[in-house]
Number of protein chains: 2
Amino acid sequence: MADGTIYLYFKNKNDILQHFFEHKTKSVFAKFKEEVEQAGTANDKLRNLIRRHLGEFQKDRHMAIVYHVETHQNIRLMEPLIKEMAKMYLDIVSEIVEQGQQEGTMRKDLYLGLVKRYILGAVDEVINTWLHSGGKYDLVSMADPLVDLLIRGIGNFETDNETV
Amino acid sequence: MADGTIYLYFKNKNDILQHFFEHKTKSVFAKFKEEVEQAGTANDKLRNLIRRHLGEFQKDRHMAIVYHVETHQNIRLMEPLIKEMAKMYLDIVSEIVEQGQQEGTMRKDLYLGLVKRYILGAVDEVINTWLHSGGKYDLVSMADPLVDLLIRGIGNFETDNETV
DNA sequence: ACATAAAATGAATGTGCGTTCATTTTTGCG
DNA sequence: CGCAAAAATGAACGCACATTCATTTTATGT
(Lines give C-alpha, C1' and ligand atoms only; values in the text may rest on other atoms or scores of the structure.)
Protein backbone atom coordinates (compact mmCIF):
# COMPACT_ATOMS: atom_id res chain seq x y z
CA MET A 1 0.00 0.00 0.00
CA ALA A 2 1.34 3.40 -0.98
CA ASP A 3 1.69 6.35 1.40
CA GLY A 4 -1.28 8.34 0.18
CA THR A 5 -3.75 5.49 -0.24
CA ILE A 6 -4.98 5.54 3.34
CA TYR A 7 -6.14 9.14 2.91
CA LEU A 8 -8.80 7.94 0.49
CA TYR A 9 -10.45 6.17 3.41
CA PHE A 10 -9.63 8.42 6.35
CA LYS A 11 -9.58 12.16 6.84
CA ASN A 12 -6.27 12.34 8.69
CA LYS A 13 -4.06 10.51 11.17
CA ASN A 14 -6.34 11.31 14.05
CA ASP A 15 -9.25 9.87 12.11
CA ILE A 16 -7.27 6.69 11.46
CA LEU A 17 -6.55 6.22 15.15
CA GLN A 18 -10.12 7.06 16.02
CA HIS A 19 -11.57 4.39 13.73
CA PHE A 20 -8.95 1.85 14.65
CA PHE A 21 -9.63 2.21 18.36
CA GLU A 22 -13.36 2.34 17.96
CA HIS A 23 -13.28 -0.92 16.03
CA LYS A 24 -10.77 -2.58 18.31
CA THR A 25 -12.49 -1.42 21.48
CA LYS A 26 -15.82 -2.89 20.41
CA SER A 27 -14.27 -6.21 19.50
CA VAL A 28 -12.12 -6.49 22.62
CA PHE A 29 -14.77 -5.44 25.10
CA ALA A 30 -17.21 -7.90 23.53
CA LYS A 31 -14.64 -10.59 24.29
CA PHE A 32 -14.16 -9.29 27.80
CA LYS A 33 -17.88 -9.48 28.46
CA GLU A 34 -18.00 -12.97 27.01
CA GLU A 35 -15.29 -14.06 29.42
CA VAL A 36 -17.08 -12.50 32.36
CA GLU A 37 -20.37 -14.15 31.44
CA GLN A 38 -18.78 -17.54 31.06
CA ALA A 39 -17.44 -17.58 34.61
CA GLY A 40 -19.51 -18.17 37.69
CA THR A 41 -17.84 -16.59 40.70
CA ALA A 42 -16.50 -13.05 40.82
CA ASN A 43 -13.00 -14.39 41.31
CA ASP A 44 -13.27 -16.52 38.19
CA LYS A 45 -14.68 -13.59 36.27
CA LEU A 46 -11.72 -11.44 37.24
CA ARG A 47 -9.30 -14.17 36.32
CA ASN A 48 -10.94 -14.70 32.92
CA LEU A 49 -11.03 -10.97 32.29
CA ILE A 50 -7.35 -10.51 32.95
CA ARG A 51 -6.35 -13.64 31.06
CA ARG A 52 -8.24 -12.36 28.06
CA HIS A 53 -6.91 -8.84 28.50
CA LEU A 54 -3.33 -10.09 28.42
CA GLY A 55 -4.21 -12.52 25.64
CA GLU A 56 -5.62 -9.86 23.34
CA PHE A 57 -2.67 -7.53 23.88
CA GLN A 58 -0.25 -10.36 23.26
CA LYS A 59 -2.08 -11.34 20.07
CA ASP A 60 -1.97 -7.79 18.68
CA ARG A 61 1.32 -6.15 19.56
CA HIS A 62 0.68 -3.16 17.32
CA MET A 63 -2.51 -2.37 19.17
CA ALA A 64 -0.73 -2.80 22.45
CA ILE A 65 1.95 -0.32 21.44
CA VAL A 66 -0.45 2.29 20.07
CA TYR A 67 -2.68 1.95 23.12
CA HIS A 68 0.18 2.40 25.55
CA VAL A 69 1.66 5.37 23.71
CA GLU A 70 -1.67 7.10 23.17
CA THR A 71 -3.03 6.71 26.70
CA HIS A 72 0.13 8.21 28.18
CA GLN A 73 0.56 11.11 25.79
CA ASN A 74 0.25 14.54 27.35
CA ILE A 75 -2.09 15.82 24.67
CA ARG A 76 -4.12 12.83 23.62
CA LEU A 77 -5.56 12.88 20.11
CA MET A 78 -8.46 10.72 21.17
CA GLU A 79 -9.25 11.93 24.65
CA PRO A 80 -13.02 11.20 24.45
CA LEU A 81 -12.55 7.70 23.12
CA ILE A 82 -9.97 6.87 25.77
CA LYS A 83 -12.27 8.18 28.47
CA GLU A 84 -15.03 5.99 27.10
CA MET A 85 -12.75 2.96 27.28
CA ALA A 86 -11.84 3.82 30.86
CA LYS A 87 -15.54 4.02 31.66
CA MET A 88 -16.23 0.64 30.08
CA TYR A 89 -13.43 -0.93 32.07
CA LEU A 90 -14.77 0.64 35.23
CA ASP A 91 -18.19 -0.84 34.48
CA ILE A 92 -16.82 -4.34 34.04
CA VAL A 93 -14.72 -4.11 37.18
CA SER A 94 -17.66 -2.67 39.12
CA GLU A 95 -19.92 -5.48 38.02
CA ILE A 96 -17.42 -8.10 39.08
CA VAL A 97 -16.63 -6.49 42.41
CA GLU A 98 -20.29 -5.96 43.27
CA GLN A 99 -21.00 -9.60 42.58
CA GLY A 100 -18.01 -10.54 44.72
CA GLN A 101 -19.35 -8.43 47.53
CA GLN A 102 -22.70 -10.19 47.37
CA GLU A 103 -20.95 -13.56 47.38
CA GLY A 104 -18.95 -12.43 50.37
CA THR A 105 -15.67 -13.10 48.56
CA MET A 106 -14.76 -9.47 48.07
CA ARG A 107 -14.41 -6.65 50.57
CA LYS A 108 -17.33 -4.32 51.09
CA ASP A 109 -15.22 -1.22 51.81
CA LEU A 110 -13.89 -0.67 48.31
CA TYR A 111 -13.77 2.56 46.33
CA LEU A 112 -14.55 1.26 42.85
CA GLY A 113 -12.81 4.09 41.01
CA LEU A 114 -9.58 3.27 42.82
CA VAL A 115 -10.02 -0.47 42.39
CA LYS A 116 -10.26 0.05 38.65
CA ARG A 117 -6.99 2.01 38.63
CA TYR A 118 -5.41 -0.62 40.89
CA ILE A 119 -6.34 -3.43 38.51
CA LEU A 120 -5.84 -1.65 35.20
CA GLY A 121 -2.59 -0.11 36.40
CA ALA A 122 -1.11 -3.45 37.37
CA VAL A 123 -2.24 -5.09 34.11
CA ASP A 124 -0.93 -2.18 32.04
CA GLU A 125 2.43 -2.29 33.77
CA VAL A 126 2.72 -6.03 33.17
CA ILE A 127 1.98 -5.40 29.50
CA ASN A 128 4.37 -2.46 29.35
CA THR A 129 7.20 -4.52 30.81
CA TRP A 130 6.41 -7.28 28.34
CA LEU A 131 6.42 -4.84 25.41
CA HIS A 132 9.80 -3.42 26.34
CA SER A 133 11.24 -6.89 26.80
CA GLY A 134 10.51 -7.35 23.10
CA GLY A 135 7.63 -9.73 23.82
CA LYS A 136 9.94 -12.65 24.47
CA TYR A 137 7.91 -14.56 27.10
CA ASP A 138 4.30 -15.64 27.39
CA LEU A 139 2.26 -12.73 28.65
CA VAL A 140 -0.83 -14.74 29.56
CA SER A 141 1.16 -16.80 32.04
CA MET A 142 1.35 -13.65 34.16
CA ALA A 143 -2.43 -13.60 34.58
CA ASP A 144 -2.89 -16.08 37.41
CA PRO A 145 -0.10 -14.81 39.68
CA LEU A 146 -1.31 -11.27 39.06
CA VAL A 147 -4.94 -12.06 39.88
CA ASP A 148 -3.74 -13.79 43.01
CA LEU A 149 -1.98 -10.58 44.03
CA LEU A 150 -4.99 -8.43 43.16
CA ILE A 151 -7.32 -10.54 45.27
CA ARG A 152 -5.10 -11.42 48.21
CA GLY A 153 -2.64 -8.54 48.17
CA ILE A 154 0.90 -8.88 49.45
CA GLY A 155 -0.08 -8.96 53.12
CA ASN A 156 0.05 -12.20 55.08
CA PHE A 157 -3.24 -13.04 56.75
CA GLU A 158 -3.19 -16.68 57.80
CA THR A 159 -6.13 -18.44 56.15
CA ASP A 160 -6.19 -21.56 58.35
CA ASN A 161 -6.90 -21.47 62.08
CA GLU A 162 -5.26 -24.86 62.63
CA THR A 163 -2.33 -23.34 64.49
CA VAL A 164 -2.27 -25.23 67.82
CA MET B 1 15.16 32.04 27.71
CA ALA B 2 15.47 31.87 23.92
CA ASP B 3 15.09 28.69 21.87
CA GLY B 4 18.75 28.14 21.14
CA THR B 5 20.17 28.95 24.57
CA ILE B 6 19.72 25.48 26.01
CA TYR B 7 22.01 24.03 23.31
CA LEU B 8 24.92 25.87 24.87
CA TYR B 9 24.53 23.61 27.89
CA PHE B 10 23.27 20.37 26.34
CA LYS B 11 24.21 18.43 23.21
CA ASN B 12 20.64 17.71 22.07
CA LYS B 13 17.14 16.97 23.30
CA ASN B 14 18.08 13.46 24.34
CA ASP B 15 20.93 14.90 26.38
CA ILE B 16 18.55 17.32 28.07
CA LEU B 17 16.19 14.52 29.09
CA GLN B 18 19.11 12.38 30.16
CA HIS B 19 20.51 15.00 32.52
CA PHE B 20 17.08 16.01 33.79
CA PHE B 21 16.17 12.44 34.69
CA GLU B 22 19.55 11.62 36.11
CA HIS B 23 19.32 14.60 38.42
CA LYS B 24 15.69 14.03 39.32
CA THR B 25 16.12 10.31 39.85
CA LYS B 26 18.95 10.82 42.32
CA SER B 27 17.00 13.38 44.28
CA VAL B 28 13.74 11.44 44.33
CA PHE B 29 15.21 8.08 45.20
CA ALA B 30 17.19 9.65 48.00
CA LYS B 31 13.88 10.85 49.38
CA PHE B 32 12.32 7.43 48.90
CA LYS B 33 15.11 5.82 50.85
CA GLU B 34 14.76 8.40 53.58
CA GLU B 35 11.08 7.57 53.91
CA VAL B 36 11.79 3.87 54.05
CA GLU B 37 14.47 4.31 56.70
CA GLN B 38 12.25 6.46 58.86
CA ALA B 39 9.53 3.81 59.15
CA GLY B 40 9.74 0.72 61.31
CA THR B 41 7.51 -1.98 59.93
CA ALA B 42 7.41 -3.07 56.30
CA ASN B 43 3.81 -1.88 56.02
CA ASP B 44 4.77 1.57 57.26
CA LYS B 45 7.71 1.65 54.88
CA LEU B 46 5.46 0.85 51.95
CA ARG B 47 2.97 3.50 53.01
CA ASN B 48 5.69 6.13 53.37
CA LEU B 49 7.20 5.17 50.04
CA ILE B 50 3.95 5.56 48.17
CA ARG B 51 2.97 8.73 49.98
CA ARG B 52 6.28 10.24 49.00
CA HIS B 53 6.05 8.88 45.47
CA LEU B 54 2.67 10.53 44.93
CA GLY B 55 3.88 13.62 46.76
CA GLU B 56 6.91 14.14 44.55
CA PHE B 57 4.91 13.66 41.35
CA GLN B 58 2.26 16.05 42.59
CA LYS B 59 4.90 18.63 43.45
CA ASP B 60 6.52 18.49 40.02
CA ARG B 61 3.86 18.06 37.35
CA HIS B 62 6.31 18.63 34.50
CA MET B 63 8.45 15.76 35.69
CA ALA B 64 5.35 13.60 36.06
CA ILE B 65 4.30 14.31 32.48
CA VAL B 66 7.72 13.72 30.96
CA TYR B 67 8.17 10.55 32.99
CA HIS B 68 4.84 9.13 31.92
CA VAL B 69 5.30 10.01 28.26
CA GLU B 70 8.88 8.75 28.12
CA THR B 71 8.35 5.44 29.91
CA HIS B 72 5.51 4.53 27.55
CA GLN B 73 7.09 5.58 24.26
CA ASN B 74 7.73 2.76 21.82
CA ILE B 75 11.27 3.85 21.11
CA ARG B 76 12.52 5.35 24.34
CA LEU B 77 15.28 7.91 24.10
CA MET B 78 16.59 6.97 27.50
CA GLU B 79 16.13 3.23 27.64
CA PRO B 80 19.16 2.53 29.88
CA LEU B 81 18.27 5.25 32.38
CA ILE B 82 14.67 4.06 32.59
CA LYS B 83 15.82 0.50 33.12
CA GLU B 84 18.07 1.72 35.89
CA MET B 85 15.15 3.46 37.56
CA ALA B 86 13.06 0.31 37.30
CA LYS B 87 15.90 -1.59 38.93
CA MET B 88 16.12 0.91 41.78
CA TYR B 89 12.40 0.67 42.40
CA LEU B 90 12.63 -3.10 42.38
CA ASP B 91 15.39 -2.92 44.96
CA ILE B 92 13.36 -0.74 47.30
CA VAL B 93 10.27 -2.92 46.93
CA SER B 94 12.33 -6.06 47.44
CA GLU B 95 13.87 -4.69 50.59
CA ILE B 96 10.47 -3.80 52.01
CA VAL B 97 8.85 -7.09 51.06
CA GLU B 98 11.72 -9.16 52.43
CA GLN B 99 11.48 -7.34 55.73
CA GLY B 100 7.72 -7.90 55.73
CA GLN B 101 8.28 -11.59 55.17
CA GLN B 102 10.62 -11.76 58.14
CA GLU B 103 8.10 -9.90 60.27
CA GLY B 104 5.45 -12.34 59.13
CA THR B 105 3.26 -9.50 57.83
CA MET B 106 3.84 -10.24 54.17
CA ARG B 107 3.33 -13.41 52.17
CA LYS B 108 6.27 -15.69 51.56
CA ASP B 109 5.13 -16.87 48.13
CA LEU B 110 5.73 -13.64 46.24
CA TYR B 111 7.49 -13.18 42.92
CA LEU B 112 9.28 -9.90 43.56
CA GLY B 113 9.48 -8.89 39.90
CA LEU B 114 5.74 -9.13 39.62
CA VAL B 115 5.13 -7.41 42.95
CA LYS B 116 7.15 -4.47 41.71
CA ARG B 117 4.99 -4.21 38.56
CA TYR B 118 1.87 -4.64 40.68
CA ILE B 119 2.82 -1.76 42.95
CA LEU B 120 4.42 0.55 40.41
CA GLY B 121 1.61 -0.08 37.93
CA ALA B 122 -1.08 0.85 40.38
CA VAL B 123 0.80 3.96 41.52
CA ASP B 124 1.50 5.01 37.92
CA GLU B 125 -2.11 4.57 36.96
CA VAL B 126 -3.25 6.67 39.90
CA ILE B 127 -0.83 9.38 38.82
CA ASN B 128 -1.87 9.08 35.18
CA THR B 129 -5.54 9.50 36.07
CA TRP B 130 -4.64 12.48 38.20
CA LEU B 131 -2.60 14.05 35.39
CA HIS B 132 -5.41 13.73 32.90
CA SER B 133 -7.92 15.14 35.35
CA GLY B 134 -5.81 18.30 35.20
CA GLY B 135 -4.44 17.75 38.69
CA LYS B 136 -7.55 19.07 40.36
CA TYR B 137 -7.58 16.92 43.52
CA ASP B 138 -5.00 16.00 46.12
CA LEU B 139 -2.95 13.11 44.82
CA VAL B 140 -1.36 12.17 48.13
CA SER B 141 -4.77 11.45 49.64
CA MET B 142 -4.89 8.43 47.34
CA ALA B 143 -1.86 6.88 49.07
CA ASP B 144 -3.49 5.28 52.10
CA PRO B 145 -6.45 3.67 50.31
CA LEU B 146 -4.06 2.42 47.63
CA VAL B 147 -1.62 0.92 50.12
CA ASP B 148 -4.54 -0.75 51.84
CA LEU B 149 -5.48 -2.37 48.52
CA LEU B 150 -1.90 -3.38 47.79
CA ILE B 151 -1.51 -5.09 51.14
CA ARG B 152 -4.94 -6.61 51.64
CA GLY B 153 -6.12 -6.95 48.04
CA ILE B 154 -9.78 -6.82 47.08
CA GLY B 155 -10.63 -10.27 48.45
CA ASN B 156 -12.59 -10.65 51.66
CA PHE B 157 -10.82 -12.78 54.23
CA GLU B 158 -12.49 -12.28 57.58
CA THR B 159 -9.87 -11.18 60.06
CA ASP B 160 -11.79 -11.95 63.25
CA ASN B 161 -13.00 -15.44 64.20
CA GLU B 162 -15.71 -14.09 66.49
CA THR B 163 -18.55 -15.34 64.28
CA VAL B 164 -21.18 -17.04 66.55
C1' DA C 1 -11.65 -5.90 -26.91
C1' DC C 2 -12.93 -1.39 -25.60
C1' DA C 3 -14.68 2.30 -22.66
C1' DT C 4 -15.48 4.11 -18.40
C1' DA C 5 -15.43 4.21 -13.55
C1' DA C 6 -13.07 3.16 -9.31
C1' DA C 7 -8.98 2.58 -6.80
C1' DA C 8 -4.16 3.07 -5.94
C1' DT C 9 0.16 5.39 -6.52
C1' DG C 10 4.14 8.13 -4.97
C1' DA C 11 6.39 12.44 -6.03
C1' DA C 12 5.61 16.85 -4.30
C1' DT C 13 4.13 19.98 -0.68
C1' DG C 14 3.17 21.66 3.94
C1' DT C 15 4.25 21.80 8.78
C1' DG C 16 6.14 21.33 13.36
C1' DC C 17 10.09 20.63 15.86
C1' DG C 18 14.99 19.96 16.83
C1' DT C 19 19.16 22.31 16.00
C1' DT C 20 22.64 25.83 14.35
C1' DC C 21 25.17 30.05 14.29
C1' DA C 22 26.01 34.96 13.00
C1' DT C 23 24.76 38.68 15.75
C1' DT C 24 23.52 41.08 20.04
C1' DT C 25 23.53 41.64 24.91
C1' DT C 26 25.46 41.09 29.36
C1' DT C 27 29.19 40.48 32.57
C1' DG C 28 33.57 41.21 34.76
C1' DC C 29 37.71 43.64 35.28
C1' DG C 30 41.47 47.33 34.73
C1' DC D 1 33.94 54.28 31.25
C1' DG D 2 36.14 50.88 27.90
C1' DC D 3 36.96 46.70 26.27
C1' DA D 4 37.23 41.72 25.93
C1' DA D 5 35.21 37.44 27.25
C1' DA D 6 31.06 35.00 28.22
C1' DA D 7 26.37 34.30 27.63
C1' DA D 8 22.07 34.75 25.30
C1' DT D 9 19.33 35.54 21.28
C1' DG D 10 16.09 34.21 17.60
C1' DA D 11 15.93 33.96 12.61
C1' DA D 12 17.06 30.39 9.60
C1' DC D 13 17.92 25.66 8.41
C1' DG D 14 16.97 20.69 7.99
C1' DC D 15 14.61 16.71 8.67
C1' DA D 16 10.87 13.64 9.65
C1' DC D 17 6.38 13.00 9.07
C1' DA D 18 1.45 14.25 7.74
C1' DT D 19 -1.08 15.26 3.71
C1' DT D 20 -2.34 16.32 -1.28
C1' DC D 21 -3.30 15.41 -6.05
C1' DA D 22 -2.05 14.74 -11.02
C1' DT D 23 -1.14 10.48 -13.02
C1' DT D 24 -1.29 5.43 -13.46
C1' DT D 25 -3.24 1.04 -12.62
C1' DT D 26 -7.01 -2.06 -11.91
C1' DA D 27 -11.90 -3.44 -12.11
C1' DT D 28 -16.36 -3.68 -14.26
C1' DG D 29 -19.85 -3.85 -17.81
C1' DT D 30 -21.22 -4.32 -22.69
Side-chain angles (χ1 to χ4, degrees), chain A residues 1-28 56-86 124 127-135, chain B residues 1-29 56-86 124-125 127-135:
Chain A
M1 200 177 79
D3 295 11
T5 310
I6 200 163
Y7 286 93
L8 300 170
Y9 300 91
F10 300 97
K11 232 176 54 235
N12 50 37
K13 191 185 171 184
N14 190 18
D15 193 44
I16 298 168
L17 285 169
Q18 202 91 26
H19 277 85
F20 170 72
F21 268 97
E22 211 167 302
H23 178 266
K24 199 76 195 178
T25 302
K26 259 188 209 142
S27 136
V28 167
E56 292 297 318
F57 276 65
Q58 175 161 255
K59 206 163 62 185
D60 191 345
R61 257 185 119 250
H62 294 307
M63 182 265 284
I65 290 167
V66 178
Y67 173 83
H68 271 259
V69 171
E70 274 307 317
T71 52
H72 289 81
Q73 216 76 21
N74 185 25
I75 296 128
R76 309 195 281 203
L77 291 175
M78 323 164 296
E79 187 76 33
L81 192 52
I82 290 173
K83 282 212 169 152
E84 198 191 313
M85 289 170 59
D124 274 359
I127 295 172
N128 195 32
T129 302
W130 176 79
L131 276 177
H132 279 97
S133 83
Chain B
M1 200 177 80
D3 296 11
T5 310
I6 201 164
Y7 287 92
L8 301 171
Y9 300 91
F10 300 97
K11 228 174 57 233
N12 50 36
K13 192 185 170 184
N14 189 18
D15 194 44
I16 298 167
L17 285 169
Q18 203 91 28
H19 277 86
F20 170 71
F21 269 97
E22 210 166 303
H23 178 265
K24 199 77 194 179
T25 302
K26 257 187 209 142
S27 136
V28 168
F29 272 94
E56 291 299 318
F57 275 66
Q58 174 160 256
K59 207 163 63 186
D60 190 346
R61 257 186 118 250
H62 295 307
M63 180 265 283
I65 290 169
V66 178
Y67 172 82
H68 272 257
V69 171
E70 274 308 318
T71 52
H72 289 83
Q73 215 79 19
N74 185 25
I75 298 127
R76 309 195 282 203
L77 291 175
M78 320 163 298
E79 189 75 34
L81 192 51
I82 290 173
K83 283 214 168 148
E84 197 191 314
M85 287 168 62
D124 274 359
E125 182 65 20
I127 295 172
N128 195 32
T129 302
W130 175 79
L131 276 176
H132 279 98
S133 82

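Here is the naming used below: chain letters follow the sequence lines, and residue numbers restart at 1 for every chain. Computed from a prediction, not measured in an experiment: that's the story for all the values here.
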Figure out the [atom1]/[atom2] separation between [X] and [N], and round it to whole Å.
X: A:Lys13; N: D:dA16; atom1: NZ; atom2: C1'; result: 11 Å
X: A:Asp3; N: C:dA12; atom1: CG; atom2: C1'; result: 12 Å
X: A:Ile6; N: D:dC21; atom1: CD1; atom2: C1'; result: 17 Å
X: A:Ile16; N: D:dA18; atom1: CD1; atom2: C1'; result: 9 Å
X: A:Met1; N: D:dA18; atom1: CE; atom2: P; result: 13 Å
X: B:Leu77; N: C:dT19; atom1: CG; atom2: C1'; result: 15 Å
X: B:Ile75; N: D:dA16; atom1: CD1; atom2: P; result: 13 Å
X: B:Leu8; N: D:dG10; atom1: CG; atom2: C1'; result: 12 Å

N or O in side chain of A:Tyr7 less than 4.0 angstrom from D:dT20 OP1/OP2 | no
How far apart are the C-alpha atoms of A:Phe21 and A:Val66, what are their side-chain angles, what is the distance that settles it, and do they pass the side chain to side chain contact (heavy atoms under 4.5 Å, CB included) test?
-> CA-CA 9 Å; A:Phe21 268 97; A:Val66 178; 3.5 Å; yes
Does the side chain of A:Tyr67 come within less than 4.5 Å of B:His72's, by heavy atoms?
-> no
Is there side-chain contact between B:Asp60 and B:Lys24, with heavy atoms separated by less than 4.5 Å?
-> yes
Spatial distance of atom CG (A:Leu17) from atom CZ (A:Phe10) [nearest 0.5 Å] = 10.0 Å
Return the nearest nucleotide to the side chain of B:Ala2; candidates are C:dG10, C:dT19, D:dG10.
-> D:dG10
